[in-house]
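Structure, as structure tokens:
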Amino acid sequence: MKLEQLLKDSTVAIFKEEFNTEIATHTVTINITKKEHEGDYTIVVFPLIKFSKKSPEQTAEIIGTKLKEKNKIVASFNVIKGFLNLSFTDAYWANRLKEIADSKNYGSFALNGQKVVLEYCGPNTNKPLHIGHLRNMLLGFSMSEILNAAGYDVTKVNIYNDRGIAICKSMVAYLRYGNGSTPQSTGIKGDHFAGDWYVKWNEKAKEELQTIAGTKGDFDEDQKLTELFKETQEMLLKWEAGDADTMALWNRMNGWVYEGFQKTFNLLGVDFQKDYFESQTYLMGKDIVEEGLQMNVFKKRGDGAVVIDLTADGLDEKVLLRSDGTSIYITQDLATAELRHTEFGMDKMIYVVANEQDYHFKVLKLALQKMGKNWADGIYHLSYALVESPTGRFKSREGKTADADDLIAEVLRIAKEKTKELGKTEGFSDEQAIELYKTIGLGALKYFVLRVNPYKKIIFNPEESIDFHGHTGPFIQYTHARICAILRRAAEIDLTGFQNLHNLAAIERELIILLSEYENTISAAAEKYDPSEVANYVYNLAKTYNKFYHDFPILSAVTDLEMKLRIELSKQTGIIIRKGMKLLGIEVPEKM
RNA sequence: GGCCCGGUAGCUCAACUGGAUAGAGCAUCAGUUUUCUAAACUGAGGGUCAUUGGUUCGAGUCCAAUCCGGGCUACCA
């Protein structure tokens, strides 16, 4: 029985008995008691006084007295203004720890029968992954772990933007200047290799523009005047016509890119159960548009374009199909959504995509809902803000790219340097040491990104942002390593009966309460689609443990029972830290 | 112009969705190792929660207006 629920139900019953009124369970608000006051949980009685028709103090006093009478786990209570602070018996908390220790799957909910399709990453194949993808991947992966723990059946999918003018630019530049080089021959990672030719294309186009009169100074427009661009457009037409040579080159180049991406995915520990390719979906969508027209949800405009009128919903009239009958992005997305629904029959579909596309996803969801597709109610756009450098947005055109691979490499380098400095790898083999640098470096990076609420932008300064002290991944990892050290020494100790210790220190109770809140944290993170809930929870837990660790002897506790309980407390804290960090996609070392 | 999202300590972020004296970390200063890992712990200073009004027992949180910053408002993706 959940403590909160018990308190709420009891309070409702008390209102019936004492004040002869029915109150709704949700009017009883319960918080964890603030540290400066005595107590474990607090009932805020202000919302209840209109039912009790007594002063806040009197009401609190009555509820407190009756709660204590009815529940022997209530040890004492105090009333401050309208706040009823309840303390539970140490026996209750010691048994709560026992309960957590005994429950095998603490922190992973039973399957709830709901299916989720979660799309994330969504790279273009003409350039390497950048810091935005990094935030996307970390959020997406963590969200899938959290939803899994919350009982959902999650399928992770990726969609590759693998066609169009951009990849053709890479192909043309490679044909012209590549001389048959390959990632293997140059030693360049495949996605970077393809990206380099895309950069080359832009350089060459600019060179060519200097020989052309009548430019407007707008590269997006001017580039169309170049021979290079014409060649690229021809390439695109040949691709669309399925020309054998073009397809072969396209396949070859994209193959390199996927190989490169896969390395990054592996390093980060992210994965997908299914890949979608724009090249396979870009022609789809005519059917669903036709369906919408039949239903009179969409309409054909005078110029032949198919549109949906969303002005009543505060949006605009939105084109869904070009006047020449070809698909655009939204057309594909409509079709892909429908396709996924037939494939998976999911209850929720989550798109992890930057907030630049908020409008797009509103349109997508509304259009499908207006077509009467009930499953569209389960569409959720996990929108996240951009990652910016201290001087503003990272812009590839200004050469201020934040390449994901570079960033990861930099973090690993710093982790190695700092770890060696502290002499933490004594007694480690070379492989173990490298593994540790990776764990710590990635831990720092991932935690840095995930501790922030998704809708808030992140200011990222590669030199300064990665820290290993304080509110960081390595701080939490370190706490875990300390716990492991204790447990190694305590391996032989029989912990049976620890719950019989019935006088706990404040910090011990605080720790048990925190452990007790873990499942609530998972629920909150899943409901809000927000991994930062978990990140902040785990930090809080680690910080509290460190204080406990500092203030109390564990292995050399005075009594046997104290020792047992403290070891168990350490053990459970370690387990929850490991589980919580896993939800963030972060590993924790046993030594560091 | 319209719509969406931000604005909290010098910096990076919290605040249990309307609850108590707004909390952490970094940075600064001062401390804590013969005792389980000092990537730790303790203490100090640092705040007009962008501004102004409103709603109520109570507002960083809700409403209105204003000011800053960003995004969208494409038959691009």
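In what follows, chains are A, B, ... by sequence order, proteins preceding strands, each numbered from 1.
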Atom-pair distance (CZ on R301(A); P on A74(B)), nearest Å: 11 Å
Classify the ring geometry of F361(A) against Y351(A): parallel below 30°, tilted from 30° to 60°, perpendicular beyond 60°. tilted
Establish whether the base of A20(B) is bridged to the side chain of T42(A) by a donor-acceptor pair shorter than 3.5 Å. yes
Is there a donor and acceptor pair, one atom on the side chain of K547(A) and one on the base of U42(B), closer than 3.5 Å? no
So, for Y384(A) and Y455(A), is the gap between ring centers shorter than 6.0 Å? no
Under the side chain to side chain donor-acceptor pair (under 3.5 Å) criterion, do Y282(A) and E240(A) qualify, and how do the steps go? CA-CA 11 Å; Y282(A) 85 109; E240(A) 283 173 0; 4.6 Å; no
Check the distance between A24(B)'s C1' and D467(A)'s CG and give it to me in whole angstrom. 14 Å
Pair E417(A) + R413(A), salt bridge at N-O below 4.0 Å: yes
Strictly under 6.0 Å, is that where the ring centroids of H471(A) and Y539(A) end up? yes
Residue mapping more 5' on RNA chain B - nearest nucleotide basis, H37(A) or I32(A): I32(A)
H469(A) over G25(B), stacked by centroid distance under 5.5 Å, angle under 30°: no
Stacking here means centres under 5.5 Å and planes under 30°; does Y455(A) stack on G6(B)? no
Aromatic contact between F46(A) and F83(A), with the criterion being ring centroids under 6.0 Å apart: yes or no? yes
Quick one: N453(A) CG to C13(B) C1', roughly how many Å, whole number? 10 Å
Take atom NZ of K543(A) and atom C1' of G23(B), then tell me their distance rounded to the nearest Å. 11 Å
Base-pair map of RNA chain B as dot-bracket, where | denotes pairing with a different strand and pairs are Watson-Crick or G-U under 3.5 Å: (((((((..((((.....[...)))).(((((.......))))).....(((((..]....))))))))))))....
Identify which nucleotide among C41(B), A77(B), G19(B) has an atom closest to any side-chain atom of E278(A), counting heavy atoms from C-beta outward. A77(B)
Could you check how far CD1 of I328(A) sits from P of A77(B), rounded to whole Å? 7 Å
Donor-acceptor check, side chain of T25(A) to backbone of K8(A), threshold 3.5 angstrom: yes or no? no
